[in-house]
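Worth knowing before you read on, the calculation uses all heavy atoms, side chains too, and leaves out hydrogens, waters and symmetry mates. Letters A, B, ... mirror the listed sequences (proteins, then strands); counts begin at 1.
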Number of protein chains: 2
Amino acid sequence: MAEDRHGTRGRIQAVALELFAEHGYDATSLREIAERLGVTKAALYYHFKSKEDIVRSLFDDYAREVDELIAWGRRQPATAATRRGLLDRYLDIVVRRSGIFRFLENNQAAMRNLESEGTKEVFRERMRALIDLTREPDAPLRERMRASLAFTAVHVGWLFFQDEPVSKDELRAVVYDIACDLATAPRDAQLSTS
Amino acid sequence: MAEDRHGTRGRIQAVALELFAEHGYDATSLREIAERLGVTKAALYYHFKSKEDIVRSLFDDYAREVDELIAWGRRQPATAATRRGLLDRYLDIVVRRSGIFRFLENNQAAMRNLESEGTKEVFRERMRALIDLTREPDAPLRERMRASLAFTAVHVGWLFFQDEPVSKDELRAVVYDIACDLATAPRDAQLSTS
DNA sequence: GTCTATAGACGGATAGAC
DNA sequence: GTCTATCCGTCTATAGAC
């Protein structure tokens, strides 16, 4: 699960993310992280200046990756193909770094209390930028909500249905299909059909 | 925001939910709850035997309401109209008790660590039951995922777009529309159109 | 880079008076 | 039903040896 890294610093990040996602940020103490690593708390403080600094370092990796995606999206023409490419690439990120997405989904309240400015807004701001790339900012509410749900569908679809007896490729395809449907301008709703 | 109640016990529940939703469950101390109420910690312990007991009491109210909805759904024929009625009524619950839904969305990790069995699964189990009412349990993955996203759309749509400059009635209508679209058997996807 | 030891704060929970 | 006072545990973070 944890994307193992080289060096002690990377191992701390991997183990911390694992525990944060498993038991929650608040409920995970530095003692637990140190014990699973086979070192002491004080050793962690050599690599990170605080508990919050650890989570901040995890955010930075995530933010850099999504920022690149946003930059890519801004270079493309505003077509349906671009929107699908955006979702496709976003899905790649979620698949590859599912640990941090699971963590973010489950610890929103804990993240809101962080001291360092910027950290708490990292998630929300990137989401907003992605939605704006999928729909014009002044599009009607219904369209912006559907665009927002396209990304939510990527999170929920990939993370909640991990235990399904289907291959990861198939799961990914289903998620992609549903997300594209949401990101695509809707046909007239035919709600009265059975 | 807090649905004010009569009696000290009810006031504790209202203030606790307010603070839990605002700062998170772990980050909210009994001292804070007591201070906002103008009483002492010990007074809380007269009404609730522990911090977890407070959150448990909040869950009970939510669970009872959703259980009634599930029971209603099971009495209805499995038609498209029933599915829409399910979403309509579920939306009513989310609108009326948005406090606890916001809390649940933001504190999933904290809830996972609760001692008392049942409490942590309350949310997930009800969700599963609602999805099964909207789609057959053995429906293809794509259909179950869309059904699941219909309810997620109700949460996200209502809670995330609260600040939009539209009336609550209009917001509710948009959420309902999108959720119904997800809960309705899809037409053939037309992904290649612009 | 990692250790032991400890400071200092705050949390949940209880005892017992009123 | 609410209070004061307190116990006891755990946490983050630091100091200083190796």
*Do other residues, nucleotides or ligands put more than 12 heavy atoms under 6.0 Å from the CD atom of B:Glu115?*
no
*What pairs with A:Glu164 under salt bridge (charged side-chain N to carboxylate O under 4.0 Å, His left out), at least two apart in sequence or on another chain?*
B:Arg144
*Please work out if B:Gly38 contacts a base, only the sugar-phosphate, or nothing of the nucleic acid, heavy-atom cut-off 4.0 Å.*
sugar-phosphate
*Could you tell me from which nucleotide to which nucleotide of DNA chain C, 5' to 3', there is an atom under 4.0 Å from chain A heavy atoms?*
C:dG1 to C:dT4
_Checking B:Glu117 now: which residues fulfil side-chain contact (heavy atoms from CB on, under 4.5 Å) with it, not counting sequence neighbours?_
B:Lys120
_Which residues share a side-chain contact (heavy atoms from CB on, under 4.5 Å) with A:Arg36, sequence neighbours left out_ = A:Val15, A:Glu18, A:Leu19, A:Glu22
_Contacts of A:Phe20 that satisfy ring-ring contact (aromatic ring centres under 6.0 Å, His included) - sequence neighbours left out_ = A:Tyr25, A:Phe103
_Suppose we screen for ring-ring contact (aromatic ring centres under 6.0 Å, His included). Which residues come up paired with B:Tyr62, at least two apart in sequence or across chains?_
B:Phe101
_Restricting to side-chain contact (heavy atoms from CB on, under 4.5 Å), what partner residues turn up for A:Gln76, sequence neighbours left out?_
A:Trp72, A:Thr82
*Within residues 49-60 of chain A, find the residues that approach DNA chain D with a heavy atom at under 4.0 Å, and present them sorted by residue number.*
A:Ser50, A:Lys51
_I need the residues from residues 23-34 of chain A with at least one non-hydrogen atom less than 4.0 Å from DNA chain D; give them sorted by number, or say none._
A:Thr28, A:Ser29, A:Leu30, A:Arg31
If you look only at distance, which donor and acceptor atoms sit under 3.5 Å apart when one is on a side chain in residues 122-129 of chain B and the other is two or more places apart or in another chain?
residue  : atom : partner : partner atom : Å
B:Arg126 : NE   : B:Asp67 : OD1          : 2.8
B:Arg126 : NH2  : B:Asp67 : OD1          : 3.2
B:Arg126 : NH2  : B:Asp67 : OD2          : 2.7

*Partners meeting side-chain contact (heavy atoms from CB on, under 4.5 Å) with B:Glu35 (sequence neighbours left out)*: B:Arg31
_Taking the nucleotide of DNA chain C with the nearest heavy atom to each, does A:His47 or A:Lys41 sit closer to the 5' end?_
A:His47
*Mind jotting down which residue pairs meet the ring pair (Phe, Tyr, Trp, His ring centres under 6.0 Å) criterion with at least one end in residues 36-56 of chain A? Sequence neighbours excluded, please.*
none
